[in-house]
Number of protein chains: 2
Amino acid sequence: MQLTVATEYAVRCVLHLAGATAGAVVARREIAQARAIPAPFLAKLAQRLAHAGLIRIQAGARGGYALCQPASQITLLAVVEAADGELVLQPCAAKPQACPRSPACPAHRVWAKARRQLRATLAHVTFDQLAAQEKPPTRTRKSAWTS
Amino acid sequence: MQLTVATEYAVRCVLHLAGATAGAVVARREIAQARAIPAPFLAKLAQRLAHAGLIRIQAGARGGYALCQPASQITLLAVVEAADGELVLQPCAAKPQACPRSPACPAHRVWAKARRQLRATLAHVTFDQLAAQEKPPTRTRKSAWTS
DNA sequence: CCATATCGGACTAAAATGGTCCGATATTAG
DNA sequence: CTAATATCGGACCATTTTAGTCCGATATGG
Ligand code: FES
Ligand code: FES
């Protein structure tokens with residue numbers, strides 16, 4: 001339940017789908033190649049995303065992945081938590097029984113606040129925004145992107 | 001370099017010292033017992049804190065640990081990073097060479113922002129504040145602390 | 001000098017992470 | 001229908017990290 005490379009892979013995957021024609025099915029291999037993700041690992045990851053209702057998986061010939069919702073509806077937080085589980089940055093905050101001190105510990109509320117803040121930040125970013133930041137290279141050709 | 005139980009142990013340890021008479025040396029065993037930290041593990045942890053200049057370690061008979069600075073000068077961030085290394089929540093953000101995509105990846109700036117925010121939140125909390133939140137039980141006896 | 005108590009580093013166990021493999025199943029082309 | 005394609009879904013494995021222990025060396029107080 002931490003931000004790992006799996007998280008980043010998931011983000012890249014959804015980002016790729018967000019950049020494709022809406023609702024189009026993209027082959028796993030294509031995504032893996034374009035985004036530098038180990039293909040078998042992407043398969044596992046995709047299942048988590050599908051289970052969370054973010055993407056649709058089409059099996060069989062000409063199969064692949066597609067978004068279930070418009071990119072503007074998918075938040076970064078949703079993808080992160082689909083990939084790595086609920087985002088919690090302190091074991092103490094995760095399972096209350098592991099920490100009978102919580103009520104007494106003044107640090108507890110700080111962890112909670114930090115977590116809320118972090119999740120809010122990620123929740124405010126949607127994939128249409130991210131995709132838009134990625135598009136320019138195709139539209140504005142040869143602008144000042146070289147450093 | 002993540003928030004783990006070691007982080008929490010470190011916080012509790014410094015918190016205990018902050019609650020003691022300023023500059024007093026407290027035995028490791030006492031801290032371990034009072035704060036429910038495995039004593040040998042605290043020893044290892046204390047070395048990290050000492051290395052970071054947060055606490056002073058007194059060896060020999062009647063030895064133990066003491067703060068190097070007034071509690072008001074010690075931030076939660078300092079303790080966290082002393083215990084677990086620099087706080088970074090994305091491997092991608094940690095080592096640039098591991099992620100040649102960083103400049104192109106729109107997620108990158110979000111990770112960076114989230115990290116700044118998180119560190120700022122922790123940096124604004126000092127141990128005199130935390131200690132103050134913990135004191136009441138001794139002063140206000142038998143108030144509404146029972147649920 | 002001796003008892004006490006930490007140093008500091010080697011060591012181990014368990015969990016999480018990153019990744020692979022493969023039989024089963026679904027879909028499409030022909 | 002059948003063959004080819006491509007994912008499912010879960011078992012499996014290697015590496016790294018985490019949590020924790022142990023112990024000889026060293027420092028200090030009495
Ligand atoms: S003891 Fe659980 S948050 Fe401090
Ligand atoms: S690829 Fe490194 S932050 Fe996205």
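Note that the structure is predicted; figures quoted are calculated from it, not measured. Letters A, B, ... mirror the listed sequences (proteins, then strands); counts begin at 1.
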Point to revise | Whole-Å gap separating P (D/dG10) and NE2 (A/His51) | key: 9 Å

Check your understanding: Pick from A/Ile31, A/Val14, A/Val25, A/Val26: which one makes a side chain to side chain contact (heavy atoms under 4.5 Å, CB included) with A/Tyr65?
Key -> A/Ile31

Check your understanding: Phosphate oxygens OP1/OP2 of C/dA5: is one of them under 4.0 Å from a side-chain N or O of B/Arg28?
Key -> no

Check your understanding: So, is B/Thr4 close to the D/dA19 phosphate, meaning a side-chain N or O under 4.0 Å from OP1 or OP2?
Key -> yes

Practice item. Using atom CZ of A/Arg56 as one end and atom P of C/dT27 as the other, report the distance to the nearest whole Å. Key: 11 Å

Practice item. Identify, between A/Arg62 and A/Phe41, the residue whose nearest nucleotide on DNA chain C lies closer to the 5' end. Key: A/Phe41

Review point. Taking C-beta and beyond as the side chain, do B/Phe127 and B/Leu17 meet within less than 4.5 Å on heavy atoms?
Key: no

Point to revise | B/Gln2 CD to C/dT17 P, straight-line distance once rounded to whole Å | key: 9 Å

Check your understanding: A/Leu3 CG to C/dA16 C1': how many Å, rounded?
Key -> 15 Å

**Study point:** D/dC8 OP1/OP2 closer than 4.0 Å to side-chain N/O of A/Tyr65
**Key:** yes

Study note, to complete from the structure: With A/Arg35 as partner, the option from A/Glu8, A/Glu134, A/Glu30 fulfilling salt bridge (charged side-chain N to carboxylate O under 4.0 Å, His left out) is A/Glu134

**Study point:** Sequence neighbours excluded, every pair satisfying ring pair (Phe, Tyr, Trp, His ring centres under 6.0 Å) that has a member inside residues 24-54 of chain A
**Key:** A/Tyr9-A/Phe41

Practice item. With sequence neighbours excluded, tell me which residues meet salt bridge (Lys or Arg N to Asp or Glu O under 4.0 Å) with B/Arg28. Key: none

Review point. Between atom CD in B/Gln90 and atom C1' in C/dT17, what is the gap in whole Å?
Key: 14 Å

Point to revise | Summary of protein contacts for nucleotides 22-27 of chain D, nucleotide by nucleotide, where a base hit scores B, a sugar-phosphate-only hit scores S (4.0 Å, heavy atoms) | key: -----B

Check your understanding: In whole angstroms, how far is the P atom of D/dT7 from the CZ atom of A/Arg29?
Key -> 7 Å

Check your understanding: Base, sugar-phosphate alone, or nothing: which one does A/Ala46 contact when heavy atoms must sit under 4.0 Å apart?
Key -> nothing

Review point. For the side chain of A/Lys44 and the base of D/dG9, is some donor closer than 3.5 Å to an acceptor across the two?
Key: no

**Study point:** B/Arg48 side-chain N/O to B/Ala83 backbone N/O, donor-acceptor pair under 3.5 Å
**Key:** yes

Review point. Can a side chain N or O of A/Gln58 be found less than 4.0 Å away from OP1 or OP2 on D/dC8?
Key: no

Revision key, fill the gap. From CD of A/Gln47 across to C1' of D/dT7 the rounded distance in Å is 8 Å

Exercise for review: Just compare D/dT7, C/dG19, D/dA19 and give me whichever is closest to any side-chain atom of A/Tyr9.
Suggested key: C/dG19

**Study point:** More than 12 heavy atoms of other groups within 6.0 Å of A/Gln33 CD
**Key:** no

Review point. D/dT17 P sits how many Å from B/Glu86 CD, rounded?
Key: 16 Å

Exercise for review: Output the single nucleotide from C/dC7, D/dC8, C/dG18 whose closest atom is nearest the side chain of A/Val5.
Suggested key: C/dG18

